[in-house]
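In what follows, a structure is listed as structure tokens, so that the remarks can point back to it.
We're numbering straight along the sequence, starting at 1. The figures that follow rest on heavy atoms only: side chains count, while hydrogens, waters and symmetry mates do not. Note that the structure is predicted; figures quoted are calculated from it, not measured. Ligands are counted one by one from 1 in listed order, and the atoms in each one are counted from 1 as well.
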Amino acid sequence: MNIEEALKKLNALHQIEAVAPGWEASQRALPEGGPAFLQPEQIIANRAWCDFGTEVDAALLHTAERIRTDETLRRFAWHCAWRLYDAPEASWFADWPTLESVLGEDAGIFYLLVGISFALQVRAFHQAMHIPEAITQATLQQPRCFADNYAKMHSGKLGIPRSQLGWLRHYTREKYFRLGRFEYWLKPHYEHGVHVYRHTTNGRVLAFAPSGARLDDDGYALDPENTAGWQTTLAITPDTITGYPISPRGYVLPDPVSIPRPEWQSALQPGDYVLDMHIPAGGGLSFETWSASMRQAAAFFPAHFPDMLPKAFVCLSWMYSPDLEKLLPPESNLVRHLSEMYLFPVPGAYLWFIFMQDEFDPATAPRDTSLQRAVLAYLEQGHAWHDGGMFLLMEDLDKLGTGYYRTTAE
Ligand SMILES: CC(C)(COP(=O)(O)OP(=O)(O)OC[C@H]1O[C@@H](n2cnc3c(N)ncnc32)[C@H](O)[C@@H]1OP(=O)(O)O)[C@@H](O)C(=O)NCCC(=O)NCCS
């Protein structure tokens, strides 16, 4: 069966561009007895590892049987899993078929079965790194968090958002673990990341924008291809660092400064190891929960990867948007959390995590929470939404709760 035949049967020929890559390679690798992740025993094991309750068994087993007994769906499920976990390049699945015309109400379960099948690989990968089983178990909860999002988007149905499926590849090959409330990915600080210095005597932390960042008049990041606005410079010599400082509130200041190099030590540079932080859905955001998670991460990674010592926590997200402080009260969990971090501007305005619409449409966007209503009103008034970045230096963990970066900068 070639890809055209398969997609015709799935009423999805128009999605061939997204689906076709790797079809022949995946079909050559299809196991004789079909994909193991569609077998009942494997489904029950994956479901349990991913922390779903037994109440989903009947739906998972029933849909898997429909897929197993239909050659097109069986081949397509294998292709999806192969692209997600085995292909040399990562794939994104937002433009893959919904499969509603063939699987009806159970369409979301197709991708959920592929998603929870990562449990076997992740467990083997973690065992090889001597990761405690409790941490593997916590890390394997992500498909359930994704399923909560799917349920919100699809009136309580079981499934996984196609736009989130591709993320699961990381857990099978990266140093990426859930520790308490948050997930952390040990990796180098990205090439165009902020440069951070600490004053050798008073401890003050100062971040500089990288060279070539494009900004608007308020110091917020524009997309790199946008030719409007102005551009930052950064010059680092043995004697001085001259560049555009970043307010810990998340915007670049308009005037350059020059600081004497000997009085400041490097605290974070592109290429240094960081813990790239991710916030799974569900579980709230109380100070106790998230600060305990960050402390756990600060102990866990050096113990397991002593040659890759992270210097900071870093995250790019809607959750570190400086706009949130204009829209939510200071006592809200989101604002209390972000005000403990050093914010910096990043390009992008991704509203999916607030509205969960694949195509954002203010006319139909949900208005259920105060945040949703505030963001919609803000956009209606003509303001732009900005995503945000944050860092927290490892050595400043014990200052959490004091708003350290803000109080020492102001
Ligand atoms: C982190 C999280 C638990 C914070 O929620 P919280 O503790 O309710 O935060 P706050 O107290 O600051 O919320 C203030 C208001 O914003 C709403 N809100 C918070 N996060 C929201 C979200 N992602 N979407 C819509 N509304 C949200 C709350 O419901 C509350 O509204 P209310 O006044 O009508 O009750 C929540 O945003 C979440 O689970 N996010 C999902 C994960 C995520 O987005 N990760 C980032 C990926 S880049």
Numbering as shown, the atoms of ligand 1 that approach S332 to under 4.0 Å (heavy-atom distance): 12 (O)
Protein heavy-atom partner closest to atom 6 (P) of ligand 1 - residue, atom, separation in Å: N333 ND2, 4.0 Å
Any N or O of P280 closer than 3.5 Å to N or O of ligand 1: no
Nearest-neighbour protein heavy atom for atom 16 (O) of ligand 1, which is reported as residue plus atom name and distance: L371 CB, 3.2 Å
I279 neighbourhood, listing ligand 1 atoms whose heavy-atom distance to it stays under 4.0 Å: 42 (C), 43 (C), 45 (N), 46 (C)
Ring-ring centroid check Y244 W230, cutoff 6.0 Å: yes
Atom 36 (C) of ligand 1 protein-contacted (non-hydrogen atom, under 4.0 angstrom): no
Verify atom 8 (O) of ligand 1: protein non-hydrogen atom under 4.0 angstrom away: no
W318 contact mode with ligand 1 (heavy-atom cut-off under 4.0 Å): side chain
Residue part near ligand 1, for K152, under 4.0 Å between non-hydrogen atoms: neither
Close N or O approach (Q372, ligand 1; < 3.5 Å): no
Enumerated ligand 1 atoms positioned under 4.0 Å from heavy atoms of G282: 39 (O)
Minimum-distance protein heavy atom relative to atom 48 (S) of ligand 1: S317 OG, 3.2 Å
Residue and atom name of the nearest protein heavy atom (relative to atom 13 (O) of ligand 1), distance in Å to one decimal: L334 CD1, 4.3 Å
Atom indices of ligand 1 within 4.0 angstrom of T369 heavy atoms, with elements: 17 (C), 25 (C), 26 (N), 27 (C), 29 (O), 31 (O), 34 (O)
Cationic tip of K175 above F305 ring, under 6.0 Å, 45° of axis: yes
